[in-house]
Each structure stands twice: as structure tokens, then as C-alpha cells.
Participant: 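Let me give you the structure first, and then I'll get to my questions.
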Amino acid sequence: MAGTQVFRGAKLATMTGAETPYGLVRDGAIAVCGKTIEWAGPADALPEQFASAPAEDLGGRLVTPGLIDCHTHVVFGGDRAGEFEMRLNGAGYEAIAKAGGGINSTVRATREASVAQLIEGALPRVDAMIAEGLTTIEIKSGYGLQSETELAMLRAAREIARRRPVEVVTTYLGAHATPPEYKGRDDAFVDEVAIPVLRAAHAEGLVDAVDGFCEGIAFTPGQVARVFEAAKALDLPVKLHAEQLSNLGGAKLAASFGALSADHIEYLDEDGVRAMAGAGTVGVILPGAFYTLRETRKPPIGLLRKHGVAMALATDCNPGSSPLTSLLLTMNMACTLFAMTPEEALAGVTRHAARALGLSDRGTIAPGMRADLAVWDVAQPAELAYRIGFNPLHRRIFGGQS
Ligand code: DI6
Ligand code: FE
């Protein structure tokens with residue numbers, strides 16, 4: 001077939017959810033036409049129609065779906081190394097936030113940055129992720145908290161997809177924190193800024209989904225529900241930072257809106273897990289924030305498994321609670337800190353991450369899927385989560401292009 005390309009000599013971790021661990025095909029082949037996988041399976045079963053297509057031997061290397069980071073705040077101004085230092089000298093994350101530091105210090109720096117500066121700041125972080133096989137990234141707003149800067153963050157996020165071979169999914173996170181000019185007037189901020197700016201950003205085509213931060217230091221379930229109602233009216237999917245530092249019933253609220261995901265969820269209880277299972281809401285596990293904040297309460301992995309809630313894994317890359325740009329290290333942390341299995345970790349950055357973004361065209365190696373692939377110099381898939389600080393990526397294929 002014209003324009004078709006075949007990869008042979010590949011050990012495929014198809015991640016299709018089939019019975020075999022990792023959906024592994026030991027001696028596999030993949031036929032790619034344009035941006036799409038036409039066929040994938042055992043090399044000796046490659047259909048006749050692909051026999052004459054140009055073929056490339058991958059030398060027995062492991063091929064996985066391209067990695068997907070489904071929760072990042074990778075666009076922001078400034079950094080918070082000073083705050084990191086303060087925490088290690090005894091100040092708490094919530095105390096720093098209440099004293100005007102934390103998220104609001106990044107808000108100040110982000111408001112001072114131009115779109116060009118936001119892009120320049122984010123690209124090295126995105127490049128570090130791409131170097132580890134990333135092909136799709138979600139990027140949130142939420143450090144502007146005023147019209148102009150929220151729009152600037154989302155424009156910067158869209159521009160990253162034009163500057164780099166990576167797909168970007170944007171999330172509007174206007175209800176992330178209350179900025180200083182609205183201090184003590186959270187409700188007014190939600191109604192006068194978070195919701196109207198969502199409508200403006202949506203009108204500019206900048207929003208793929210809507211998120212909120214439901215927490216004692218952020219917004220109540222009632223305030224989040226108002227933002228979600230506005231999202232629903234625009235036909236936008238929702239997701240939520242829920243149960244990170246306490247249990248306010250955020251995951252249950254998210255599930256009641258049919259949310260794509262509830263994220264962090266360290267304090268999630270079985271009731272919340274049941275609600276997520278019923279709604280098909282993905283649990284996004286963020287070990288980078290748990291690690292950085294030296295939290296001790298772990299997400300209820302056993303309950304999520306028991307109720308069949310899909311678990312995704314993401315970096316939560318942000319300057320405060322998770323200055324992390326490595327999905328491989330995220331996988332390792334999920335295994336070592338939360339006892340997720342290496343297979344769950346890989347599913348968390350492929351199949352389940354795609355689901356957390358509402359994307360049905362990626363995250364597995366199967367016919368009809370985007371030809372986003374990562375080729376690794378490893379003998380077995382468990383090595384991806386096993387190593388610490390080592391990058392075995394051999395090459396990345398993005399939309400069929402090397
Ligand atoms: N939870 C997080 O982990 C990030 N945002 C949120 O709602 C942290 C944001 C920050 O500290 O800058
Ligand atoms: Fe986050």
C-alpha cells in the first residue's frame with residue numbers, strides 16, 4: 001500500500017488490556033499508514049498486503065505506545081526553589097500558601113511574563129519529557145487568575161504544539177486559587193473571574209477541559225460545582241484536583257458531573273471510589289506531589305483496584321508541589337511509594353492516561369490508533385519503572401514520523 005511503513009523486529013507492549021501482561025507480542029510488527037496504525041501483531045501474521053511496504057527492523061527493542069502526561073502545569077512564570085528551601089527549614093505547604101506564597105507567588109511571576117516568555121520557560125521542561133518518549137501532554141492554566149494571564153497561559157500551551165512534535169490538550173483551571181485582589185471573597189472570584197474567563201477562553205478555542213482545586217486552601221465543593229455547571233453549559237468535560245490534603249468529597253462531586261478524572265486523591269474514601277467507578281471517572285495518581293511535599297497519606301490503590309477504577313499516572317509538573325519532568329521517574333515512584341505494579345504504571349502513562357483525557361485514538365498499539373510510539377533499549381517492560389534516573393529511550397515515533 002502506498003505510504004505504508006512497516007516496523008519489524010519489535011517486542012510490542014500493546015497495552016490493549018488483553019489478558020497477556022502488557023499485551024505483549026514478543027516478535028511483533030506494526031504497519032503504519034500516515035499518522036495511523038493500520039495493523040499490529042505477531043510478525044509471522046503480518047497480512048500479505050503489507051509484504052511489499054518499506055520495512056525497518058527495530059532490532060528486538062521494546063515498543064510501547066507514546067507516553068501521555070495527563071496532568072501538568074508546565075506553563076508558568078518564575079520558580080519556587082526558595083519556597084522548597086523554606087519548607088525544608090520548617091515551614092508547611094499550607095502555611096506558606098496562607099502567607100501569600102505558594103500558588104500566589106507563581107501567579108505574580110506568571111502575570112509578569114509575556115506569552116513568549118511563558119513558552120520559552122516551558123519548552124525545556126517539555127523537551128525533557130519528549131526525550132523520555134512523551135507524545136501527548138495536558139497543560140493547565142491556573143496561574144493567571146485574571147482574564148489576560150489565563151488566556152496567555154492557554155495561548156502559550158497551544159503554541160507549544162506548534163513548536164514541538166507533541167500533541168497538547170489544554171485544561172482551564174481558573175478555580176485554582178483566589179488571587180490577592182479577591183482575598184476573602186472566594187465566591188466573588190468564582191462568579192466574576194473564574195466563570196466569565198472560562199467563557200472567554202472557550203470562545204477563543206483555547207479550552208479542551210475544565211479543572212478546579214477542591215481543598216481547604218482553595219475552593220469548596222459548592223464553588224467547584226458552579227464552575228462545573230458553566231463547563232457543562234459549554235459542553236466541556238471536567239476533572240478535579242480532589243482529596244489531595246483533606247477529604248471534602250471532591251471526587252464524588254466530580255463523578256456526579258461525569259468527570260474524566262479525579263486527581264491526587266490521597267484522602268479518597270471508599271464512598272468516593274464507588275462514585276468514581278460508577279461514573280467511569282479515572283483516578284489520576286500524582287506521586288511527584290506526594291514525594292515533594294513529603295506527605296504520608298497514600299492514595300487508596302487497593303480500593304481503586306477492588307472497584308475497577310482505571311488509574312492514570314502523571315507528573316503534575318508545577319513549580320510548587322511537583323517540579324518533576326520525568327514520566328519514567330513518576331512510574332518508579334508510583335511503584336516504590338504506592339506499590340503499583342510496573343504494568344499498572346505503564347498503563348497509567350498510556351491507556352489510562354488517554355482515557356483521563358477523553359482521547360480514544362491513542363494510548364494503545366492497535367489498528368486505528370495514532371502512530372505515536374516509543375522505542376526503548378530494554379529487554380522487558382518492567383525496566384521502564386525499575387530504573388531510577390536512567391533514560392533508555394531509543395527513539396520516538398510521533399504521528400508516524402520519526
Ligand atoms: N495541586 C497541585 O499539586 C498543584 N496545584 C494544585 O491544585 C500545586 C500548585 C502549586 O503549588 O503551585
Ligand atoms: Fe495539579
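Both ligands and their constituent atoms are indexed starting at 1 by order of listing.
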Participant: May I ask you to check whether over 12 heavy atoms, not counting those of Q401, lie within 6.0 Å of atom CD?
Facilitator: no
Participant: Can you label the angle between the F50 ring and the W39 ring as parallel, tilted or perpendicular, going by 30° and 60°?
Facilitator: tilted
Participant: Under 30°, 30 to 60°, or over 60°: which ring-plane class applies to F290 and F338, parallel, tilted or perpendicular?
Facilitator: perpendicular
Participant: So what's near the Fe ion (ligand 2), protein N, O or S atoms under 2.8 Å?
Facilitator: H71 NE2, H73 NE2, H241 NE2, D316 OD1
Participant: What I'd like to find out is whether the side chain of L234 reaches to under 4.5 Å of the side chain of V210, using heavy atoms alone.
Facilitator: no
Participant: Determine, for R158 against D208, whether the closest basic-nitrogen to carboxylate-oxygen distance falls under 4.0 angstrom.
Facilitator: yes
Participant: What residues, two or more places apart in sequence or in another chain, satisfy ring pair (Phe, Tyr, Trp, His ring centres under 6.0 Å) together with Y386?
Facilitator: none
Participant: With sequence neighbours left out, write down each residue that passes ring pair (Phe, Tyr, Trp, His ring centres under 6.0 Å) with H264, or none if nothing qualifies.
Facilitator: H71, H241
Participant: So if I only count non-hydrogen atoms and take anything under 4.0 Å from ligand 1, which residues does that give, chain by chain?
Facilitator: H73, R80, Y93, I103, Y143, H176, F213, H241, Q244, H264, D316, N318, G320, S321
Participant: Contact between L373 and I365 at the side-chain level, heavy atoms closer than 4.5 Å - yes or no?
Facilitator: yes
Participant: Are the side chains of L328 and R387 in touch, meaning some heavy atoms are under 4.5 Å apart?
Facilitator: no
